[in-house]
Amino acid sequence: MVDLSHSPADEEFRAEARSWLAAHVPRTPLPSLETAEGFAAHRAWEAELAADRWSVVSWPQKYGGRDAGLLRWLVFEEEYWAAGAPGRVGQNGISLLAPALLDHGTEEQRAGVLPPMATGEVVWAQAWSEPEAGSDLASLTSRAVRTDGGWLLRGQKTWSSRAAFADRAFGLFRSDPDAPKPHQGLTYLMFGLRAPGVTVRPIGRLDGKPAFAELFLDDVFVPDEDVIGAPGQGWRIAMSTAGNERGLTLRSPGRFLASAHRLVELWRSRGCPEHARARVADALIGARAYQLFTYAAAARFLEGERLGPESSMNKVFWSELDLALHETALDLLGEDSESADTDWSEGYVFSLAGPIYAGTNEIQRDIVAERLLGLPKGRR
Amino acid sequence: MRFLPDAEQRAFTESLHAMLSAADTPAVIRDWSEGDHARGRALWRRIAEAGVFGLAVPEEYGGLGPHPVELALAFVELGRHGVPGPLVETVAAAVLLSDPPLAKRFLPGLLAGTDLATFAVPTGSAVDAGAVPLALDGDAATLRLALPLGVGLRLASVTGPVRRSLDPARRLTPLTADGELLTRHPPYRLALSWARLAAAAQALGVGLALLDRTVAHVRRRTQFGVPVGSFQAVKHRLADATTALEFARPLVLGAAVSLRPADVAAAKLKACEAAYDAARTALQLHGAIGYTAEFDLSLWLTKARALRTAWGTPEECRKLVLDDALRRPAAP
């Protein structure tokens, strides 16, 4: 039977989340999280969420979560974004590093890293891309060189989201330059952004806010305890989390549903103009489609199916939906749309990056064509 | 919450798929397009025997349903195999006639597949000006219904020659509501939701067939010494086509679960849009051979266009979605 209703226990969970959010979500929006002031405010919000165990509901209780499971996580996200709650400054760590640690980390690593991530005490940046390794990530050349009791990191990372203000970073480094294939000989490591040898140079995104940074690494020491999984296995570890649950949890449907409902309100407030009718309808339907697609994927995941390349389809869909939705909002705002630092303009600038980060949409389309449809590999 | 067809539902669609795969539907479609309904009617009876039309009819009237989810899953298969005939119209008729005296009289034939129904709703200024609505396959249908608004459900007759459709397998027939008044208050809104759901699912199946055939073609067809499917421009069009179809699929399934008019409209809109995009992609990636009537791809290409406006234009569907959204209370 195809069932779209939540269990009474899940609805109770929803009600509990809703009432907590109603009492705690800040009345006025926090300043942009891509500024020093906004970053601090968002970090404090993470602590407030964590104090009542709402920051990482799907994690095990011992690390600060509620063991909530995938369906309840989706419910929580629907309530979270519908309540107009702030963006999550801890998102990178929570959606990328934490799954890798839960699957491949040691108990010491989990116990040490996850609780301060849950409270926002330690905010994580990702360090994947390099100046010469973007879409072709496996060609990265930053080195991890063996030394007594650990590794020395050398090289340069870039487009490191949140790194301007974050505390620590995780990423892939080449530990065995003689490995026969580019994606072999890579190691997944964690390091401090204020450790000796690290230089962080913030980069202004399109609107000038330092949303990401370049990292220059000059013999940065990383102890063996901060290697995730076995040296040389970094690619497999990073990709296994990328292709699986993360495909569902990087951007939750609740976020786009809430934006779509706000778009309908904006359309209503402007007198339901004809020129935007089709685009408003399509944004709303797109958000609903993404929600239902995710519930279907969750059902298959919960029955033990592996979610592989379809997460690439997912990423293309939500990033284009998000952009179209914000473009429509700005068009509805007319001349007012030019003002920066409004919720809509901030969301618009953020959405412009969606088709680029987490694997460009061109790479995702290649993956869909080759691994879902079975088309032959070719030159890109 | 388990938003996924179960094993029994999957087995049902697989058995339909197997039956239709063995039926040589391209030949059936081509006969039908010529007005030769013999093989189409034989296939129709087998579809009815599989229980497809019974899914729209409650058990108390001799059906198996109501089972809108199973009906939607079945219609994906009917679309995938390009089955011709007034399939959606027969579902609409079955719902309209699920009423005590009418059910006994009309439903046995529809459920057994010995009767095919068509249906038209004369509306608007065109009708006032004397225009006659076109019904699908009135020449093949044995039960012709019309619903002049404000009058009720009447038997109707074909009052003119078949008009060609952009899809040769859809034969358009002028219908006049000149027969017996069956009921003044048929459940029209409910029938419309069922019909629109069936059309959405059928369109999704049409799109999936177009995608499958095109993927097979670009893997096989070589130019410059390599399969054309290895070119990125080709891959990306197909990636977009499959993405649109796979995101329409849960809308169709979700609409079947709720049967809310706004959900059904959204599913109809997006399934038809995805199917039509798949058709455009299929035509482009096949090149000139795809532009021929003799190549079987054409049987699905033309249907994707026709379904877009049948049973609810994109504009009507968007209006239903937005009217529903505006009924939500405004945020404080």
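Naming: A, B, ... by sequence-line order, numbering from 1 per chain. These values consider heavy atoms only, across backbone and side chains, with no hydrogens, waters or symmetry-generated copies. What you see is a predicted model; the values in this text were computed from it and never measured.
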Next on the checklist: Only heavy atoms, only distances under 4.5 angstrom. Which residues in residues 11-30 of chain A are near chain B?
Outcome noted: none
Item to check | Per-residue contacts, residues 269-282 of chain A versus chain B, heavy atoms under 4.5 Å | outcome: A/C272, A/R277, A/A278, A/V280, A/A281, A/D282
[atom1]-[atom2] distance between [X] and [Y], expressed to the nearest 0.5 angstrom:
X      : Y      : atom1 : atom2 : answer
A/M313 : B/D240 : CE    : CG    : 11.0 Å
B/L251 : A/R288 : CG    : CZ    : 8.0 Å
B/L269 : A/I285 : CG    : CD1   : 4.5 Å
A/D366 : B/K235 : CG    : NZ    : 5.5 Å
A/L372 : B/T242 : CG    : OG1   : 6.5 Å
A/L284 : B/R318 : CG    : CZ    : 12.0 Å

Check this for me: [X], atom [atom1], are more than 12 non-hydrogen atoms of other residues, nucleotides or ligands nearer than 6.0 Å?
X      : atom1 : result
A/R371 : CZ    : no
A/D67  : CG    : yes
B/R280 : CZ    : no

Checklist entry - What are the two closest non-hydrogen atoms of A/R365 and B/A239, and how far apart are they? => result O-CB, 3.6 Å
Checklist outcome for this item: Heavy-atom closest pair (B/G229 atom, A/L375 atom, distance to 0.1 Å) is O-CB, 3.6 Å
Item to check | Region of A/R300 that comes under 4.5 Å of a non-hydrogen atom in chain B | outcome: both
Would you indicate whether the side-chain heavy atoms of [Y] and [X] approach each other to under 4.5 Å?
X    : Y      : result
A/V2 : B/F3   : yes
A/L4 : B/L253 : no
B/L4 : A/E303 : yes

Checklist outcome for this item: Among B/D263, B/V218, B/V215, the residue with the most heavy-atom pairs under 4.5 Å to chain A is B/V215
Item to check | Top of B/H67, B/E273, B/E246 for chain A proximity - count of heavy-atom pairs under 4.5 angstrom | outcome: B/E246
Next on the checklist: What part of B/L322 gets within 4.5 angstrom of chain A, counting heavy atoms only: side chain, backbone, both, or neither?
Outcome noted: side chain
Next on the checklist: Please classify the contact of B/V257 with chain A as side chain, backbone, both or neither, using a heavy-atom distance under 4.5 Å.
Outcome noted: side chain
Item to check | Verdict with supporting geometry, A/E362 and B/H236, side-chain contact (heavy atoms from CB on, under 4.5 Å) | outcome: CA-CA 8 Å; A/E362 285 70 29; B/H236 287 193; 3.9 Å; yes
Checklist entry - Which one of A/A260, A/A289, A/S7 has the most heavy-atom pairs closer than 4.5 Å to chain B? => result A/A289
Item to check | For chain B, the option from A/L373, A/N361, A/V368 that forms the most heavy-atom pairs under 4.5 Å | outcome: A/L373
